[in-house]
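All remarks here apply to the structure that follows.
Below, chain A is the first sequence line, B the second, and so on; all start at residue 1.
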Protein chains: 2
Amino acid sequence: MDKQEILQNLINAYAEAYQNLGYSSLMGKIVALLIASPEPQSLDQISETLQMSKGPVSQIARKLKEHQLIEKVWIPGERKDYYRAVPDIFGRAFANYASSMRRNRRLGEQFEELALSQPQQDAQLEHLAVRMNEMKRFYELMDEHNRLFLETWQEKVKPELA
Amino acid sequence: MDKQEILQNLINAYAEAYQNLGYSSLMGKIVALLIASPEPQSLDQISETLQMSKGPVSQIARKLKEHQLIEKVWIPGERKDYYRAVPDIFGRAFANYASSMRRNRRLGEQFEELALSQPQQDAQLEHLAVRMNEMKRFYELMDEHNRLFLETWQEKVKPELA
DNA sequence: TTGTTCGTTTGAAAACTTTCAAATGTTAAG
DNA sequence: CTTAACATTTGAAAGTTTTCAAACGAACAA
């Protein structure tokens with residue numbers, strides 16, 4: 001397997017992984033390409049490599065930038081935008097996930113509250129309150145672990161960033 | 001807000017959360033309904049409550065059962081299938097997630113290997129190897145934390161299960 | 001057996017998403 | 001100010017997913 005093929009395979013694997021996680025496969029492809037590229041890539045280079053027209057690449061690149069997985073870099077004397085993966089892209093992706101888990105925690109809190117605040121209680125409401133309490137506790141504990149994990153990772157990685 | 005509305009809101013919130021995570025919103029609705037129900041629900045009850053025909057409900061219920069988020073219960077003297085959320089549904093959902101993260105770890109391992117095994121090295125391959133090594137280490141550490149989290153949670157929950 | 005009550009499968013319709021090509025903005029150089 | 005080189009937006013076409021109604025098949029009851 002030569003270099004070209006390795007890159008193709010990586011792009012494919014990422015496309016599939018992203019799709020499995022419910023994102024567009026193009027998103028995975030762009031991420032894979034930028035992770036694998038030592039040099040920042042222009043929109044043209046990206047769409048050329050991925051054989052996609054610039055429209056979708058531009059849109060997905062913007063979304064990825066919003067989610068802080070990639071960033072634009074300015075290259076002196078160049079008018080094009082160049083993109084690269086952010087330095088700690090894995091940590092960043094995880095931080096995004098952790099924040100969506102915090103929403104679940106809030107759901108648990110909110111609905112436990114609601115169930116308990118009803119004037120006339122019954123088996124159904126009581127059951128709901130118990131389940132929502134479980135949900136709340138689950139995501140609270142998860143959040144603690146998430147923070148700890150990210151912290152541990154960033155301490156391990158920090159030397160590399162310097 | 002009355003009981004009916006609370007349930008509606010919960011179902012909606014789950015539908016949205018599931019959709020954000022890239023699953024079908026019906027999946028979230030069924031999960032929410034079963035979490036909120038003290039009694040197991042039949043397919044008919046589910047499709048009645050959710051105002052959906054039986055076809056999709058049947059299919060999605062099967063998928064949820066495959067992922068072990070819900071289970072069939074046998075009710076003596078009844079011919080219908082009854083479903084309920086599994087006892088530790090949050091833990092189970094997390095275990096599924098953790099296992100998809102383990103796939104990412106394997107990707108990192110695999111592509112690091114590939115990049116290093118190329119006969120003629122260059123900057124691009126070297127860069128790839130470094131990035132894939134980072135990926136591998138990230139998901140290894142994550143896996144450790146995931147295990148720890150689940151274990152901690154299950155110890156806390158076990159008393160409730162008895 | 002035969003009829004009834006279920007769950008599942010199927011095929012078509014509707015809704016949604018992805019993609020492209022072309023038009024429109026935007027920025028910087030001349 | 002004008003032009004050139006870009007990125008972004010838009011609207012239409014293609015592809016995909018979700019949904020339903022109806023047909024099918026399995027299991028049970030009589």
Side-chain angles (χ1 to χ4, degrees), chain A residues 11-12 14-34 37 39-84, chain B residues 11-12 14-34 37 39-84:
Chain A
I11 288 173
N12 265 272
Y14 260 78
E16 211 182 307
Y18 265 71
Q19 200 149 39
N20 284 167
L21 293 174
Y23 301 101
S24 95
S25 70
L26 180 53
M27 205 174 258
K29 288 182 189 173
I30 294 176
V31 167
L33 174 57
L34 292 182
S37 303
E39 302 303 330
Q41 302 284 302
S42 69
L43 223 76
D44 280 335
Q45 288 175 303
I46 297 171
S47 55
E48 159 67 17
T49 307
L50 300 180
Q51 298 279 58
M52 285 270 137
S53 68
K54 284 163 58 177
V57 173
S58 165
Q59 291 190 59
I60 303 286
R62 184 154 40 84
K63 266 192 205 163
L64 287 170
K65 198 160 77 67
E66 276 164 22
H67 290 109
Q68 305 188 55
L69 297 181
I70 69 177
E71 58 194 5
K72 283 188 188 178
V73 296
W74 176 66
I75 295 192
E78 277 280 3
R79 286 171 58 187
K80 294 186 184 181
D81 291 347
Y82 284 81
Y83 290 96
R84 72 170 166 225
Chain B
I11 289 173
N12 264 273
Y14 261 79
E16 210 183 307
Y18 266 71
Q19 200 149 39
N20 284 165
L21 293 174
Y23 301 101
S24 95
S25 71
L26 180 53
M27 205 174 258
K29 287 182 190 173
I30 294 176
V31 167
L33 174 57
L34 293 181
S37 302
E39 302 304 330
Q41 302 284 303
S42 69
L43 253 161
D44 281 336
Q45 289 176 304
I46 297 171
S47 55
E48 159 67 17
T49 308
L50 300 181
Q51 298 279 59
M52 284 270 137
S53 68
K54 284 163 55 177
V57 173
S58 166
Q59 292 189 59
I60 302 285
R62 183 153 39 82
K63 265 193 207 162
L64 286 170
K65 196 160 78 66
E66 277 164 23
H67 290 109
Q68 305 186 56
L69 297 181
I70 70 177
E71 58 194 6
K72 282 188 189 178
V73 297
W74 176 66
I75 294 193
E78 276 281 1
R79 286 169 60 190
K80 294 186 183 179
D81 290 347
Y82 283 82
Y83 290 96
R84 71 168 166 225

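Considering only side-chain N and O atoms, S58(A) lies nowhere under 4.0 angstrom from the phosphate OP1 or OP2 of dA7(D).
You'll find that the side chain of M52(B) is closest to dT19(D), out of dT19(D), dT10(D), dT5(C). Which of dT8(C), dT19(D), dC6(C) sits closest to the side chain of P56(B) comes down to dT19(D). The listed nucleotides are dT19(D), dA7(D), dC6(C); the one nearest the side chain of D44(B) is dC6(C). The nucleotide whose nearest atom lies closest to any side-chain atom of K80(B) is, among dA7(D), dC20(C), dG7(C), dG7(C).
Rounding to whole angstrom units, CD of residue Q19(B) and P of dA15(C) are separated by 15 Å. Atom CZ in R79(B) sits roughly 10 Å away from atom C1' in dA26(D) (whole-Å rounding). R62(B) has its CZ atom 20 Å from the P atom of dC6(C), to the nearest Å. Across the protein-nucleic acid pair, Y82(B) atom OH and dT5(C) atom C1' stand 12 Å apart, rounded to whole Å. Here the P atom of nucleotide dT18(D) and the CG atom of L26(B) are 9 Å apart, to the nearest Å. Distance K29(B) NZ to dT18(D) P: 12 Å, rounded to the nearest Å. Counting to the nearest Å, the C1' atom of dT8(D) and the CG atom of D81(A) are 11 Å from each other. One can place NZ of K63(B) at 14 Å from P of dT8(C), the figure rounded to the nearest angstrom.
Nucleic acid contact for S42(A): none, since no nucleic acid atom lies under 4.0 Å from a heavy atom of the residue. At a threshold of 4.0 angstrom between heavy atoms, the contacts of S24(B) are confined to the sugar-phosphate backbone, with no base atom among them.
Taking a cutoff of 4.0 Å between a charged side-chain nitrogen and a carboxylate oxygen, R84(A) and E71(A) qualify as a salt bridge.
In this structure, K80(B) NZ and D44(B) CG are separated by 4.0 Å, a value rounded to the nearest 0.5 Å.
Counting all heavy atoms, side chain and backbone alike, I60(A) lies closest to M27(A) at CG2-CA, 3.7 Å.
Within 6.0 Å of the OH atom in Y23(A), the count of heavy atoms belonging to other residues, nucleotides or ligands does not exceed 12.
Residues G55(A) and K54(B) both approach DNA chain C. Their nearest nucleotides, taken by heavy-atom distance, put K54(B) toward the 5′ side. In terms of position on DNA chain D, the residue among Y83(A) and I60(B) whose nearest nucleotide sits closer to the 5' end is Y83(A).
Each of I30(B), V31(B), L33(B) was checked for a side-chain contact (heavy atoms from CB on, under 4.5 Å) with Y14(B), and the lone residue meeting it is V31(B).
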